[in-house]
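Read the numbers this way: they start at 1 and go in the same order the structure lists the ligands and their atoms. These figures come from a predicted structure and were not determined experimentally.
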Amino acid sequence: MNILVTGGLGFIGTNFIRYVLEKRPAWRVTNLDKMTYCGNPANHTGLETDRRYQFVHGDICDTKLVSDLLTPSIDAVIHFAAETHVDRSLVAAEDFTRTNITGTVSLLECARRVRLERFVHISTDEVYGANRVGASAEIDPLRATVGNPYAITKEAGDKLAQSYWLHPYHVPVTIIRPSNNFGPFQYPEKFIPLAITNALDDKPIPVYGDGLQVRDWLYVEDNCEAILAALEKGKPGEIYNVGGYVFRDYTNKEVAERIVDHLHKDRRLITHVGDRAHHDRRYSLSYKKLTEQTGWEPKTPLLLGLEKTIEWYRQNRTWWEPITTGAFKQWYEQQYKAL
Ligand code: NAD
């Protein structure tokens, strides 16, 4: 198979490309990425010389470029590219509407002019909004309350993708709604890598509000396997949730404590800071449909995944240390003034 991946220098895209090239050695991958602040060229170190891999520096909103790339030789698009950080969406919503909505339409418009086997649109569990108990299923209604601009633009992209599956376009769209991912190559502004890198450097670990928010933590390799399963065994026109291997609710505070304990650091590093606006309290997903249709199940329990992730960051300082200076440092100081 010959696939076009968007946003393949970001966290999940990087892991997915590496996963696919290992598991499907005959496949070819074109990676279209704008290299925004979190699209890191270091993420494809070692791949540049792989003849199955091609990198294109560009913007998904550039319809001319996208249509040049979407030649009849491309079998499937896996669309990861997005602005993804909720905190940034609260101060720069226009970046989110541009990439997450206009960029998605640009891809779908180009996709309807070619014969793709599949267009995999990566959405998020945030489209369901928070749930107090139980787990959201694909048939559940989407968010009823106002959410942060990230969640709202992802929901718009998700619905637009669905509309291109319907008559008259029939783009063979499959939507994936993963829960919060964690693992190697995640930009250290996100909660888990921020907690790990700060703990490694004995710096305060910011935890929003009371820290009792719950996420359905999904190890990124399990997500990559789920996306591949949905591509190969799932159906166009369908939506699949992808949830993590968690036996019970884990709060952010508990996750931070596990990280600190694993590194034998002082729990007093955990510092409560003012809560984020529009902070959804709890997400939980049912992934029964994907299991029933493809056999996929998550394999990595949260605590094992956390240990693997901590070890990766411990061993890859050369990857994250350059990020935590410069623009990131400025953003961090602005974001966590109290620390
Ligand atoms: P990320 O922020 O790490 O990476 C995003 C990538 O997209 C970067 O490489 C960036 O350069 C690229 N990009 C941004 N705008 C672009 C544009 N206009 N044109 C081309 N490339 C552009 O994101 P991630 O965490 O890897 O998330 C990937 C996808 O998965 C996103 O669609 C996100 O909404 C979704 N998702 C993420 C999570 C999670 O926990 N990380 C959970 C559920 C869903």
In terms of heavy-atom contacts, does CZ of Arg118 have more than 12 from other residues, nucleotides or ligands at under 6.0 Å?
yes
Near ligand 1 (heavy atom, under 4.0 angstrom), the protein residues are Gly7, Leu9, Gly10, Phe11, Ile12, Asp33, Lys34, Met35, Thr36, Cys38, Gly39, Gly58, Asp59, Ile60, Phe80, Ala81, Ala82, Thr84, Thr99, Ile122, Ser123, Thr124, Tyr150, Lys154, Pro178, Ser179, Asn180, Asn181
When you look at Phe185 and Tyr187, which way does the ring-ring contact (aromatic ring centres under 6.0 Å, His included) test go after all the steps?
CA-CA 6 Å; Phe185 296 107; Tyr187 194 79; over 10 Å; no
Quick check, are the ring centers of Phe119 and Trp165 under 6.0 angstrom apart?
no
Plane angle bin for Trp331 and Tyr336 - parallel if under 30°, tilted between 30 and 60°, otherwise perpendicular:
perpendicular
Measure from NZ or CZ of Arg248 to the centre of the six-membered ring of Tyr250 and say whether it is under 6.0 Å with the direction within 45° of the ring axis.
yes
Using 30° and 60° as the class limits, which term best fits the ring planes of Phe55 and His57: parallel, tilted or perpendicular?
parallel
